[in-house]
Amino acid sequence: MIIKKDKITIMTKTEKIEKIKELKIKKDAVILAHYYVSDEVQEIADYIGDSYFLSKKATELTNKTIVFAGVSFMGESAKLLNSEKTVLMPDMTADCPMAHMVTKEVIDKARAEYDDLSVVCYINSTAEIKSWSDVCVTSANAVKIVKNLPNKHILFIPDKNLGHYVAKMVPEKEFVFNDGYCPRHEFMKADEVKELMSEHPGVKVLAHPECNSEILELADYIGSTTGIINYSRDSEDKEFIICTVMGVNYELKRLRPDAKFYFTKTPPVCVNMMKNSLEKIIDVLENGKNEMELPEEEIGEKAKLTLDRMLELAAR
Ligand code: 13P
Ligand code: SF4
């Protein structure tokens, strides 16, 4: 085993890419990657996208195996939606801290208080949290889905920042919030964004809704990673200030090689997403290890319903 790992480590990048291609055919595998992983993993992925695109794509593929270069909740969602497929995670420890940031008590308390409550759960959550909820959303479809729910009262979990953003966009509903957040976006410094704004006057600020409210107030556009990428792709501007994780730079530059993208001085990097690597992809494909398991039946079934509901409501 150790010998095999060493063999992978000493391969050149081209050899690693060739090996991955060969293993994908042998194992009937497809590689899905989130925009926050490293450039070299995005380069070899069959599909790159935001959380919504990737979860939808996972339901459309015919391959036996999905290698998910992302974090646990993404692989887990892919498995819940495709229980018959093998889902392999390049690194089992790549987890999203926000995915655990809500307790059952918060949900029970809100359900006891409001008869017509809908518990809306950001996809960045564990299967257990999804199983306590009514519908899942991602940053790409949260506003649309919440707007169309018949319920007046919404408990938004786990992300307080996305929750407050959705509440602002859907003023006709009443929201209960939870105190979860993404450390990368929550602790991004508004002062560093302001510094960029004064260094590059007039340049638009594009921000992910997981950012703290101080940053969102500075933003000209707020949207998911795909939203930010599409905004710059379709804009005539040549410079942009980007408030999200730096991994998006790969796709931003690919689509707009003529444009400049500025990130905060403290580099916004998701350490968990960065755990994915070419070596680990070879290792899991070769050895079939790091298989995502389905959660216990009761949790799995309920969690899948929230994802199914998201896919159905987002498509309307
Ligand atoms: P989206 O790619 O769905 O915008 O969300 C980003 C994210 O935080 C994934 O962790
Ligand atoms: Fe989680 Fe934040 Fe990393 Fe996204 S960027 S996976 S929300 S820690």
Side-chain angles (χ1 to χ4, degrees), residues 32-38 41-42 45 47-58 68-78 89-102 120-126 129-130 136-146 156-163 165-166 169 178-188 206-212 215-216 219 221-233 242-252 263-264 266-276 307 310-311 314:
L32 302 187
H34 189 267
Y35 288 127
Y36 291 165
V37 301
S38 68
V41 172
Q42 292 191 53
Y47 299 96
I48 322 167
D50 68 0
S51 314
Y52 174 54
F53 170 83
L54 294 172
S55 57
K56 196 152 95 49
K57 185 50 73 187
F68 214 122
V71 288
S72 314
F73 76 81
M74 296 181 169
E76 191 174 58
S77 300
M89 301 302 290
D91 189 316
M92 275 304 209
T93 70
D95 194 8
C96 169
M98 173 158 62
H100 305 268
M101 287 188 193
V102 64
V120 177
C121 176
Y122 191 21
I123 197 166
N124 296 40
S125 52
T126 62
I129 292 171
K130 288 185 178 79
C136 235
V137 295
T138 75
S139 52
N141 57 37
V143 171
K144 176 180 176 182
I145 290 179
V146 172
F156 197 97
I157 56 168
D159 188 14
K160 61 177 178 183
N161 292 320
L162 179 61
Y165 169 69
V166 175
M169 303 304 284
N178 169 69
D179 203 20
Y181 55 84
C182 157
R184 276 291 77 43
H185 291 87
E186 170 70 4
F187 302 126
M188 205 175 273
L206 319 185
H208 195 280
E210 285 177 15
C211 288
N212 63 62
I215 290 183
L216 293 183
Y221 170 80
I222 299 170
S224 72
T225 49
T226 299
I228 290 172
I229 289 163
N230 290 349
Y231 184 98
S232 75
R233 180 197 61 195
I242 305 293
C243 300
T244 193
V245 169
M246 282 192 80
V248 293
N249 203 31
Y250 175 80
E251 190 67 3
L252 288 170
F263 289 82
T264 51
T266 311
V269 172
C270 176
V271 284
N272 283 291
M273 290 282 189
M274 291 304 278
K275 288 180 180 173
N276 292 281
L307 286 164
M310 171 184 81
L311 294 175

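Values reported hereafter were calculated over all heavy atoms of this structure, with side chains retained and with hydrogens, waters and symmetry mates removed. For ligands, and for the atoms within them, numbers begin at 1 and follow the listed sequence.
- Counting only protein N, O or S atoms closer than 2.8 Å to atom 3 (Fe) of ligand 2 gives 1.
- Salt-bridge check for Glu251 with Arg233: failed, with every basic side-chain N at 4.0 Å or more from each acidic carboxylate O.
- Between the side chains of Asn161 and His208, no donor N or O sits under 3.5 Å from an acceptor N or O.
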Begin with the C-alpha distance, continue with both residues' side-chain angles, and end with the deciding distance and a verdict on side chain to side chain contact (heavy atoms under 4.5 Å, CB included) for Val245 and Val269.
CA-CA 5 Å; Val245 169; Val269 172; 5.5 Å; no

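- For the atom pair OG of Ser38 and OH of Tyr250, the computed distance is 10.0 Å after rounding to the nearest 0.5 Å.
- With hydrogens and angles disregarded, no donor-acceptor distance shorter than 3.5 Å links the side chain of Asn230 to the backbone of Gly227.
- Checked by atom type and distance alone, the side chain of Lys275 pairs as donor or acceptor with a backbone atom of Thr93 at under 3.5 Å.
- Asp50 and Ser224 share a side-chain donor-acceptor pair at under 3.5 Å.
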Under the salt bridge (Lys or Arg N to Asp or Glu O under 4.0 Å) rule, what do Glu210 and Arg184 come out as? Steps first, then yes or no, please.
CA-CA 9 Å; Glu210 285 177 15; Arg184 276 291 77 43; over 6 Å; no

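- In this structure, ligand 1 sits under 4.0 Å from heavy atoms belonging to His34, Tyr36, Asp50, Ser51, Met74, Tyr122, Asn124, Ser139, His208, Glu210, Ser224, Thr225.
- Residues Thr244 and His185 bring a donor and an acceptor atom of their side chains to less than 3.5 Å of each other.
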